[in-house]
2 protein chains.
Amino acid sequence: MFRKILAAEDIDSIHAAVISQLDQLTHAEIHQAKYCDEAYLKVKKALLDGEPYDLLITDLSFKQDHRDTVLESGEDLIKSVKETQPEIKVIAYSIEDRSYKIKALFEECGINGYVSKGREGSKELEKAVIALAGDTENYVPAPLSNIFQANNIIEIEEYDLKLIKYLSIGLTQDEIGAKFKKQGNVPSSNSSIEKRINKLKLYFKAKNTIHLISNAKDLGLI
Amino acid sequence: MFRKILAAEDIDSIHAAVISQLDQLTHAEIHQAKYCDEAYLKVKKALLDGEPYDLLITDLSFKQDHRDTVLESGEDLIKSVKETQPEIKVIAYSIEDRSYKIKALFEECGINGYVSKGREGSKELEKAVIALAGDTENYVPAPLSNIFQANNIIEIEEYDLKLIKYLSIGLTQDEIGAKFKKQGNVPSSNSSIEKRINKLKLYFKAKNTIHLISNAKDLGLI
DNA sequence: CATTTCCTTACGGTTTTCCGTAAAGCTGTT
DNA sequence: AACAGCTTTACGGAAAACCGTAAGGAAATG
């Protein structure tokens with residue numbers, strides 16, 4: 001079983017529930033964080049002190065408040081943590097239930113378990129913790145186990161999502177190209193971006209970019 | 001203080017936290033519901049039995065699952081409950097933090113208190129419960145108290161709504177003009193439509209039309 | 001190593017949007 | 001009738017998006 005657990009979550013109600021639950025389930029030392037940055041610093045410090053966490057349970061979305069923050073989302077946090085301490089186990093605990101998003105979490109952020117907040121969230125969380133405490137490498141809840149079957153659903157990648165997001169916040173294709181270049185993200189040429197948007201328009205049966213973004217919003221992609 | 005409280009919420013973690021909190025705070029009989037329909041039935045039954053609830057605390061969004069449901073959202077639930085038992089106090093407890101949405105909850109659903117889930121959600125909830133238990137009619141958390149000041153009301157007419165809707169389904173400004181002409185809707189010239197879109201962009205602080213539609217969707221206008 | 005294939009980039013021409021200015025029309029006042 | 005104030009319409013140039021075609025490059029195949 002785990003010895004030292006960090007729970008990152010900004011909604012205090014959930015926080016309280018998760019902690020009391022972990023307390024009953026394990027004998028671990030349980031710490032908490034209400035901000036991504038805070039969580040990251042704790043992970044880092046624990047590692048330096050030679051007493052690293054062996055499990056991180058984190059939400060994905062954190063509200064912004066007055067504080068200046070470096071890490072803005074659970075995804076950012078997970079990536080940073082996994083860079084610092086690759087062997088740590090991470091469970092994402094979020095309201096998110098879109099399978100392609102969850103798939104991306106496993107593939108791009110390297111999470112080891114996903115639990116969807118909901119009517120049976122606590123039970124699922126418990127199962128995930130127990131599974132990962134054993135020798136299970138990745139825990140995917142049963143109803144989602146199909147997400148890794150090859151070509152199942154949409155083939156929208158991180159890149160497309162980013163593109164759509166940038167469009168939706170009012171950036172021009174030029175600006176998006178510049179942004180991608182800065183991020184070292186390819187393809188980044190105006191031409192490619194244009195082409196990609198075109199593909200997306202075909203895919204989503206949109207007449208123009210406005211329509212595309214409108215559809216993407218309806219589908220909950222952004 | 002309240003004697004009988006119903007808490008409706010689908011995320012079990014939050015549920016547990018809210019209930020244990022209410023338990024400590026009040027001597028009330030506390031019931032729970034994980035579905036809108038379930039909550040509504042409980043309110044109705046309690047009323048018929050002559051032992052009505054005097055406080056309902058509810059989330060706004062409930063996940064869909066296998067069940068067939070009549071009421072699909074917290075708003076629906078609140079409206080139905082207030083019709084059935086107008087004097088019941090209702091606190092909405094949600095992640096929502098857009099002030100115009102919250103304002104609408106007070107004005108259209110008749111809620112008596114709003115608490116935003118977040119880092120201090122529990123404390124706020126406690127304050128709201130205490131305030132409403134006294135003779136306070138409506139409890140609005142301090143950071144939102146400005147939402148009822150007149151001048152931030154949105155002045156969007158039917159015409160603008162139609163315009164935004166047409167844009168969102170991919171029509172060009174030309175096409176929209178033609179459509180308006182056919183409907184005998186003025187103004188219908190390209191120039192006027194252009195100008196109107198411009199005003200809307202200013203109003204919604206949008207950089208371009210894509211951004212405008214994106215914002216309009218976020219605001220729930222369409 | 002040559003060839004094929006796929007992806008990225010470049011470019012030119014057309015359409016649509018964007019933006020400012022100005023004319024035309026309508027209304028109410030003096 | 002003259003005038004001011006407002007809305008609608010018209011128009012022209014700049015910017016951005018749209019669309020097709022083609023060149024350049026990298027990886028894969030034989």
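Below, chain A is the first sequence line, B the second, and so on; all start at residue 1. In this text the structure is predicted, and so the values were computed from the model without any measurement. Computation of the quantities below employed the complete heavy-atom set of this structure, encompassing side-chain atoms and omitting hydrogens, waters and symmetry-equivalent molecules.
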Exercise. Could you check A:E194 against A:N208 and say which one's nearest nucleotide on DNA chain C is further toward the 5' end?
Key: A:E194

Practice problem: Using whole Å, report how far CD1 of B:I176 lies from P of C:dC18. | Solution: 11 Å

Quiz item: Base, sugar-phosphate, or nothing for B:K201, non-hydrogen atoms under 4.0 angstrom?
Solution: sugar-phosphate

Exercise. Mind calculating the distance between CD1 (B:I193) and C1' (C:dC18) to the nearest angstrom?
Key: 15 Å

Exercise. Say whether A:Y40 and A:D76, considering side chains only, have a donor N or O and an acceptor N or O under 3.5 Å apart.
Key: no

Quiz item: Nearest-Å distance, NZ (B:K207) to C1' (D:dA15)?
Solution: 16 Å

Quiz item: With a distance cut-off below 6.0 Å to the six-membered ring centre and an angular limit of 45° from the axis, does B:K179 pair with B:Y166 as a cation-pi contact?
Solution: yes

Exercise. Specify the separation, in whole Å, of atom CG of B:L212 and atom P of C:dC19.
Key: 12 Å

Exercise. Answer yes or no: is there an ion pair linking B:K79 with B:E83, defined by an N-O contact shorter than 4.0 Å?
Key: no

Self-check item: A:K207 atom NZ, neighbour heavy-atom count above 12 within 6.0 Å
Solution: yes

Practice problem: Mind calculating the distance between CD1 (B:I210) and P (D:dC18) to the nearest angstrom? | Solution: 7 Å

Practice problem: Rounded to the nearest angstrom, tell me the gap between atom CG in B:L171 and atom C1' in C:dT17. | Solution: 15 Å

Self-check item: Flag if over 12 foreign heavy atoms under 6.0 Å of NZ, B:K165
Solution: no

Exercise. Measure the distance from CG on A:D174 to C1' on D:dA14 and round it to the nearest whole Å.
Key: 14 Å

Quiz prompt | Whole-Å gap separating P (D:dA15) and CD (A:E175) | solution = 14 Å

Tabulate atom names and distances for all N/O pairs under 3.5 angstrom spanning the protein and nucleotides 6-10 of chain C.
{"residue": "C:dT9", "atom": "OP2", "partner": "A:S188", "partner atom": "N", "Å": "3.1"}
{"residue": "C:dT9", "atom": "OP2", "partner": "A:S189", "partner atom": "N", "Å": "3.2"}
{"residue": "C:dT9", "atom": "OP2", "partner": "A:S189", "partner atom": "OG", "Å": "3.3"}
{"residue": "C:dT9", "atom": "OP2", "partner": "A:S192", "partner atom": "OG", "Å": "3.2"}
{"residue": "C:dA10", "atom": "N7", "partner": "A:S191", "partner atom": "OG", "Å": "2.9"}
{"residue": "C:dA10", "atom": "N6", "partner": "A:S191", "partner atom": "OG", "Å": "3.1"}

Quiz item: Taking the six-membered ring for Trp, are B:F180 and B:Y159 parallel (under 30°), tilted (30 to 60°) or perpendicular (over 60°)?
Solution: parallel

Exercise. Quickly, which of B:E9, B:E96, B:E124 forms a salt bridge (Lys or Arg N to Asp or Glu O under 4.0 Å) with B:K117? Name it, please.
Key: B:E9

Quiz prompt | Angle by which the axis turns from one end of the helix from C:dC1-D:dG30 to C:dT30-D:dA1 to the other, five pairs per end, to 10 degrees | solution = 10°

Self-check item: A:Q173 side-chain N/O to D:dC18 phosphate OP1/OP2 under 4.0 Å
Solution: yes

Quiz item: Among side-chain atoms of A:T69 and A:D37, is any donor-acceptor pair under 3.5 angstrom?
Solution: no

Quiz item: Does a side chain donor of either A:S116 or B:K63 reach within less than 3.5 Å of an acceptor in the other side chain?
Solution: yes

